[in-house]
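From a predicted model like this one, the values you see are computed outputs, not experimental measurements. All values below were derived from every heavy atom in this structure, side-chain atoms included, with hydrogens, water molecules and symmetry-related copies excluded.
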Amino acid sequence: MTTDHPGGVAETIPLWSLTDDSLVEISEDGSLVVVTRWGEHEFPHAEPLVVESLRRMALGPVSLANVTSSWEPVEREPDLEGELSWTAEGADALRQVLKELGGSVVRSLGLADGRGPLLSVIPVVLAPVFAPVAIPATRPIRLSRFSSLRSDADGMGLESPSARYRVVLSQPWAVHVAATLATAKSVGEIVITTGIDRGVVGAIVSYLVAAGVVQAAGENGRFAEDDDPELGVWSPDELSFHTTSRTWRPGGPADLAGLGNPPVVKAPTGEGPSYSLFRPDLTERAETDPTLTALLENDHSCPEFTESVLSAEQIGEFLFRGARIRSIGPAHLPNGPAHSASQRPYFSVACLYELELYVSVNRCSGLDRGIYHYDPLDHRLSLVNDDVADLDEMLDIAMIGGGNHRRPSALITVTARMPRMASVLGGGAYATTLAHVGALQQTLYLVARAMGLAAHAVPVDAGDRVDRALKLDWPAEVGVGECVLDLPVDAVGE
């Protein structure tokens, strides 16, 4: 056994606690209410053992065996991993309460040294099942290919989007064991590699496997996720993004209070000239525009870019109809703080409108070539970059993304001011932003069609080129999409 731990203690102890966001309320008549992220749980006639156990669990990890020391045990089989051997009424009641609160019950593993948990297993779903079992000493085990390991407020965070728990590795022994599992190893090999006591390694591994962040090979020596066709279509990054954006888990933005209430409109940047844009008469347009059905039934394929020249009037009408600010006023989410909001032609949650539009002008009568920022309130374009190389690079990535051999007449780049979203939506901000990009893109597509133009999203491999060309303050403002604007081939007779 390794000797780098005080006293060489190797006995592991299961510990129980409630998640940090849980609140235990005990009334004088013994009734119990537990408020969790999943909802409120009422236990009007809770057993004294239940009340005392949850009271202590709310304070931090505890051994339930210690909690029961003042209750008289009865002859019965051990329960809950050998910890509950108390009176039948108290044990059964606590078992049922812990099951009901499963989505807020943290399972930790400690040593008999008073130094706190080696690791903690924290649920991220409403009703997870945690059943650690001993892993055979020669069975290959490894981190799930979806698992990620990064710094956490209380240690190293280990999580996988396919798991029902996230794990916090609080002590070096737990970190060492997890770090060895980048490649498949057995418990015996981990003991040799780390020098940690076999019993401790076995207990840590059993918790990691039960949490779902570590995989144990089957009898055939293969790992189940490697042969799962449904998991095979997901990359680790995409599945992680999907999972974390659909469930607002701990570990999100650290300081939302410090964001304040970001402005509705981005403050002007740069010292380049600005241009007031054309404002169409929408009453007149309503009389001549095609119907919504006609617009929706048109082909949505990416257009063939032409050598045509747009007019400043066309760009002005396009932006006015698709992205301008119609009004500004207060708004708020249900039970949320108030924030300044605006009304625009496309959808945005709580009228936050975090998206910004930049126009890379290639061929346009009335506007010089360059990269411009659109002010949706004053309906103006302001030059942010007149560097020819940067402009050409932006147009080239649009040409390649659109599968064309010509540069488009103009490129609309959509960015997002993330503090604007995060100040209200926290960890769900980016996923919601992508939904807004889709809503804006559909609006721009329909507006272009109504005007006899062609607008279409193009997938680009932008890297940091967009940030540099648009002079963005990354990561406060990030590029999230591109849309080309041109004349359709049939409009120019090609």
Side-chain angles (χ1 to χ4, degrees), residues 21 37 124 150 153 161 237-269 319 322-359 373-378 384 412-444 457 459-460 462-464 466-467 470-483:
D21 56 5
R37 63 174 297 198
V124 294
R150 60 175 177 265
D237 289 339
E238 288 175 327
L239 188 58
S240 177
F241 171 68
H242 165 73
T243 304
T244 55
S245 64
R246 296 293 292 175
T247 56
W248 296 2
R249 298 183 176 187
D255 183 19
L256 298 182
L259 295 176
N261 188 359
V264 174
V265 181
K266 178 181 177 180
T269 58
L319 294 173
R324 81 187 187 283
I325 290 178
R326 293 192 292 241
S327 63
I328 294 179
H332 61 83
L333 288 171
N335 302 317
H339 60 274
S340 55
S342 61
Q343 290 289 343
R344 309 187 195 191
Y346 61 95
F347 166 79
S348 179
V349 169
C351 297
L352 285 166
Y353 291 104
E354 78 288 3
L355 301 182
E356 298 288 334
L357 274 63
Y358 293 79
V359 185
H373 172 253
Y374 175 58
D375 179 350
L377 182 60
D378 291 333
V384 296
I412 311 296
T413 304
V414 183
T415 70
R417 290 184 290 135
M418 293 312 299
R420 173 76 179 160
M421 289 295 290
S423 64
V424 176
L425 297 180
Y430 189 68
T432 307
T433 287
L434 296 186
H436 292 165
V437 174
L440 173 60
Q441 176 58 52
Q442 178 71 354
T443 301
L444 296 180
V460 302
D464 66 345
V466 169
D467 302 338
L470 272 55
K471 301 182 179 180
L472 302 182
D473 182 18
W474 188 95
E477 184 178 357
V478 296
V480 290
E482 287 77 23
C483 168

- Task: Just jot down the side-chain contact (heavy atoms from CB on, under 4.5 Å) partners of Ala457, sequence neighbours excluded, or say none.
- Result: Gln441
- Quick one: does Met418's side chain get under 4.5 Å of Tyr430's, heavy atoms only? yes
- Task: State whether the side chain of His436 and the backbone N or O of Val349 hold a donor-acceptor pair below 3.5 Å, judged by distance alone.
- Result: yes
- How long is the span from the CE atom in Met421 to the OG atom in Ser348, to the nearest 0.5 Å? 6.0 Å
- With sequence neighbours excluded, what pairs up with Tyr358 under the side chain to side chain donor-acceptor pair (under 3.5 Å) test? Lys266, Glu477
- In short, Gly322 meets Leu444 closest at the heavy-atom pair CA-CD2, 4.1 Å
- Which atoms form the tightest heavy-atom contact between Ala416 and Leu355, and what is the distance? CB-CD2, 4.1 Å
- Task: Using the test side chain to side chain donor-acceptor pair (under 3.5 Å), find all partners of Arg324 that sit at least two apart in sequence or belong to another chain.
- Result: none
- Query: Considering residues at least two apart in sequence or located in another chain, which fulfil the salt bridge (charged side-chain N to carboxylate O under 4.0 Å, His left out) criterion with Arg417?
  - Reply: Glu356
- Item | Polar side-chain atom of Arg326 near backbone of Arg344 as donor-acceptor pair, under 3.5 Å | yes
- Item | Nearest atoms (heavy-atom pairs only) where Ala341 meets Ala350 | CB-O, 4.0 Å
- Item | Asp473 side, atom CG; Thr415 side, atom OG1 - distance, nearest 0.5 Å | 11.0 Å
- Is the closest side-chain heavy-atom distance between Asp375 and Val265 below 4.5 Å? yes
- Query: Is a donor on one side and an acceptor on the other found under 3.5 Å between the side chain of Tyr346 and the backbone of Gln442?
  - Reply: no
- Can you tell if the side chain of Thr432 reaches within under 4.5 Å of the side chain of Leu352, non-hydrogen atoms only? no
- Please report the shortest heavy-atom distance between Pro376 and Ala323, naming the atom on each side. CB-O, 3.5 Å
- Task: Could you tell me which residues satisfy side chain to side chain donor-acceptor pair (under 3.5 Å) with Glu238, sequence neighbours excluded, listed by chain and number?
- Result: Ser235
- Note on the structure: Smallest heavy-atom separation, Pro161 atom then Thr243 atom, equals CB-OG1, 3.3 Å
- Return the minimal non-hydrogen interatomic distance between Ile325 and Val264, and the atom names on each side. CD1-CG1, 4.2 Å
- Task: Kindly compute the distance separating NE2 (His373) from CG (Leu357), expressed to the nearest 0.5 Å.
- Result: 8.0 Å
- Check side chain to side chain donor-acceptor pair (under 3.5 Å) between Thr433 and all other residues, then give those that pass, not counting sequence neighbours. Glu354
